[in-house]
Structures are given as C-alpha cells and as structure tokens.
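Structure record follows, encoded as structure tokens.
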Amino acid sequence: MKKTTLLLLFVFITFQANSQSIEEKVGKLLKIDGTLRNIENLIDRTIEYQKKTNPTISDGFWKNLEGKLKTESLEEFIDIVTPIYTQTYTEEQIDAIITMLDSDAGRLIVETQPSLLQELGLPIQQWSQNANAYIIKQIEDRDKNMSSSEELEDFEKDFKSKYGLQILNLEDFSIDQEHNIGSLLVDFGKVDGDENIIKILRVKNNSDEEITFEKPLFLIDDDIEFYWGNTPIAVGETRDLHIILNMEKAENERYFSFSIRPSQGENIRIGVKYNAPKKELQFKTSSEELNFKQTKKELSKPYIFKIKNTGKKDFYISDIEVSQPIAYLNYSKEVIKTNEEIEIRVIFSKEMIAKYDIEEVKLDLKVSLNEDKKGDRFGSFGEKIVSFVIK
C-alpha cells in the first residue's frame, strides 16, 4: 500500500511538471536564477530616483505604483524574453537548467554570484588595462612582425590545401604573428576617418567544388564589414573578397581577430588592425537660456530645451542635476542617434516654489551626455556636460 501511494504521488508530481506551459517554465527559471529579483531591484531604484525628482508626490502614490510595476511589468518582461529563451533552449534543456539551479549547488551559485562579480570587478579591470597596454605595445612593434617570403610561401601552400583557395595578392597582407601563426592579418594602418577603406583579398577556387562563405564568427562590432558576392565561388573562378573598414563606426587603435566560415575546410582566422581618430560627442542646442514667467496656475507651461546629435557617435542622457527641487523634468532615456533630436521638458510647480519659500526662481540644469556604451561594464566612456538655465 505504501509503495502504491508513493508511486501515485510521483506520477502526480510528474504530471504537474509536464503540464506547465513553456512560458511558466521560463518564468520559473527567471525567478530561480535571480533575474526577476534584479528587475525588482531596478524598479526600486527607479522609484527612489523619481521620488527624489518629484518630492511633492505622496508616498501612497509611489507604493501603489511600485505594486503595479512589480506585477504588470514583470509579466510583460517575461512575455518579452520568453521567445528568446525558447529560441536558445529546448523545453527539455530549460527543465534541466531549472533542476540544476533548484539544487543545493545551483542555489549556491545564484546566491553567491552577485558578490562574486563584485569581487571580480577590480581584478578584471586590472586585467583589461594590462591587456590593452600589451595590445598597444604590439601595435607599436608591428613592423618587427612582418612576414618573410618563406613564411608567406608556406602560408599560401597551407591555405590552398586547407580551403582550396589560392590567394593571388598575398603580398598585400601579412601573417598574424600576434595571434596563431597561420592567421591572415589585414592592417589598415593609421586612417584619417573620412571615407571607408576597402582591402581586397583576391582568391581563386582551386578545389573541385564551389565554395560559399557564411557570416563571420566573433565579430562583435560593426566597424568591419564584408562583401563576398551573392553567389558561391565556382570551380576555377577568381573572386574579390571585400573587407571594409566602416569609418562611421571605427575609432581609436584596435586589434582583434575573427573567423570566416567557408562551406568546406576549417574556419579561416583573420586579424584586423587599424588606428582611427576618436569620435567626439557633437551636438547643438536650440537655446541654453530661457526666461521664467510668473506661474499663475498650479503648473507652468513647459519650458523646452532641445539637443540634436550632429556628430557620428550616439549618446544618451545619463543624468540631469537641478539646482532647486521646484520643477518636474521629462525626457527620453533612449539613445540619441546621429541627426536625431531630444527634448528636455521642464514644468515649474507653484506649490513647490511656495513650499521651499523660493524668492528668486532660477533653475540651473546640468545635463550629462554619455557615449552609447551602457552594456560595457569596464569601458571608459566619453562624457559631455551641457548647462541650461531658466531665469
């Protein structure tokens, strides 16, 4: 009898688990791995920031808003990310991940990960600085790494045997001595940043079948582009493979490698170097000073400052400091792309002016503009401060 009861209980639990929808499983995974907790913390920080910006609004309003956000926004977040999870993992893999994270070892990983990442921050930053210094030194010493004719000849033979491709202009390139020997190096050198630069790799298909190329691997940024043509390279055909340095995106000294995937043979490793001018944040404002008119109603008319991105680098408003808590601010947190414009709307509150006993209604705004690198935790970002005033 006891065995029968246990068996029925096991069947019931299994049925319950299997009856869950994929959306419910993704929601459970987000809860177990701490993602939803991080979103809730983000909501808390956002509410606290808005409370400081709008000090006259009651605590009851903020508490009610927080409850709605943590209910409706979390559901919306799960709906948005579920397709990403289902495209990345099968349902069986999601079940396996949940089982792992729901174990003692899995819970330990989730609980210790935030503090571990915090502890790793300084070592990773130090490593990043050392790696960057090493890269710069290697770039400065690049003339010492020029390939000899013997090395180029050996490279050409090896390349032909691996991929069935003969490089007809190998003298325009060199072997990447700074990564794995055998990788091809495309060195754009020091560029002025005005026009795109194209390096052409001319190859001939010496194999006995046509060859196609797939999207490059490990190419994170879009400063390097490619054009192989829209058709496979036929047997015996000569084709120019275009490697393009996009000057709209390229900046600073860079050295990295990626892989091209041909339809036969191994991946082709290619190193890239260039030294391009740093792009500065450039913008113009409609006006930097507006005159305040007496507020007859509870709220004034909107005072509007406009910022237009006139440069080649995207940026966003990371913070606005106000000299007195007597007005409400409204502005977009989205990235401002080239030729786009953003408005900062300022509305004075007669109630706040009276509350803080303000005699001279003058408001200074310090607007911080940051490069669009929000996801780069260890990067150094360009920043500009724009000052506005309402007198």
Side-chain angles (χ1 to χ4, degrees), residues 26-82 84-85 101 107 109-125 281 305 307 314-336 342-347 349 352 355-356 363-388:
V26 171
K28 183 177 181 180
L29 175 56
L30 294 173
K31 183 177 181 180
I32 292 175
D33 70 5
T35 299
L36 294 187
R37 181 175 65 250
N38 292 334
I39 296 297
E40 288 181 344
N41 291 338
L42 180 61
I43 291 173
D44 291 338
R45 291 195 296 272
T46 303
I47 292 290
E48 282 302 314
Y49 173 79
Q50 291 297 336
K51 284 175 72 174
K52 292 178 182 177
T53 308
N54 303 279
T56 60
I57 299 178
S58 67
D59 290 339
F61 170 84
W62 295 118
K63 188 173 182 180
N64 183 49
L65 178 60
E66 180 182 349
K68 287 183 178 179
L69 276 173
K70 287 187 177 180
T71 301
E72 298 173 8
S73 289
L74 287 179
E75 291 177 358
E76 181 186 8
F77 176 77
I78 294 172
D79 290 340
I80 291 172
V81 302
T82 293
I84 299 174
Y85 275 78
L101 292 179
R107 283 190 287 272
I109 292 173
V110 172
E111 290 170 4
T112 57
Q113 192 173 49
S115 60
L116 180 63
L117 289 176
Q118 188 173 2
E119 291 293 327
L120 288 173
L122 188 58
I124 292 177
Q125 189 173 18
L281 302 188
F305 296 103
I307 302 175
D314 299 342
F315 58 82
Y316 67 101
I317 295 178
S318 58
D319 187 35
I320 300 181
E321 292 184 16
V322 294
S323 58
Q324 299 188 96
I326 56 176
Y328 299 111
L329 302 181
N330 183 269
Y331 60 94
S332 173
K333 305 292 194 304
E334 298 300 318
V335 170
I336 311 169
I342 190 174
E343 292 185 351
I344 301 174
R345 302 172 69 87
V346 184
I347 299 177
S349 167
M352 284 195 284
K355 176 181 178 181
Y356 292 101
L363 192 67
D364 294 307
L365 295 88
K366 287 189 177 180
V367 181
S368 300
L369 305 179
N370 270 81
E371 291 182 14
D372 178 24
K373 295 259 181 138
K374 296 181 182 181
D376 188 350
R377 180 177 174 188
F378 302 105
S380 58
F381 315 138
E383 183 181 58
K384 294 275 188 180
I385 303 295
V386 191
S387 295
F388 297 108

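As the structure is a prediction and not an experimental result, all values here were calculated from the model. All values below come from the heavy atoms of this structure, side chains included, with hydrogens, waters and symmetry mates left out. Numbers here simply count residues along the sequence, with the first being 1.
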Looking at every heavy atom in both [X] and [Y], which two are closest together, and how far apart are they?
X	Y	answer
Tyr316	Lys333	CB-O, 4.5 Å
Met352	Pro325	SD-O, 3.2 Å
Ser368	Glu383	CB-OE2, 3.7 Å

Taking side chain to side chain donor-acceptor pair (under 3.5 Å) as the definition, give me every residue that meets it alongside [X], ordered by chain and number, with sequence neighbours left out.
X	result
Gln50	Asn54
Ser318	Asn370
Asn330	none

Determine all donor-acceptor pairs shorter than 3.5 Å in which one atom belongs to a side chain in residues 28-42; sequence neighbours excluded.
residue: Asp33; atom: OD1; partner: Thr35; partner atom: N; Å: 2.9
residue: Asp33; atom: OD1; partner: Thr35; partner atom: OG1; Å: 2.8
residue: Asp33; atom: OD2; partner: Thr35; partner atom: OG1; Å: 3.3
residue: Asn38; atom: ND2; partner: Gly34; partner atom: O; Å: 3.4
residue: Asn41; atom: ND2; partner: Arg37; partner atom: O; Å: 3.4

Which residues satisfy the side-chain contact (heavy atoms from CB on, under 4.5 Å) test with [X], sequence neighbours excluded?
X	value
Glu111	Arg107
Pro114	none
Glu321	Asp319, Lys366

**Prompt:** Got a sec, which residues hit salt bridge (charged side-chain N to carboxylate O under 4.0 Å, His left out) with Asp314, two or more places apart in sequence or on another chain?
**Reply:** Lys337
**Prompt:** Who are the salt bridge (charged side-chain N to carboxylate O under 4.0 Å, His left out) partners of Glu75, not counting sequence neighbours?
**Reply:** none
**Asked** Can you name the residues that form a ring pair (Phe, Tyr, Trp, His ring centres under 6.0 Å) with Tyr85, not counting sequence neighbours?
**Response** none
**For Phe388, ring pair (Phe, Tyr, Trp, His ring centres under 6.0 Å) partners two or more places apart** = Phe305
Between side-chain atoms of residues 57-69 and protein atoms elsewhere (two or more places apart, or another chain), which donor-acceptor pairs fall under 3.5 Å?
residue: Ser58; atom: OG; partner: Phe61; partner atom: N; Å: 3.4
residue: Glu66; atom: OE2; partner: Lys70; partner atom: NZ; Å: 3.1

**Item:** Lys51 and Glu48 ion-paired at < 4.0 Å
**Value:** yes
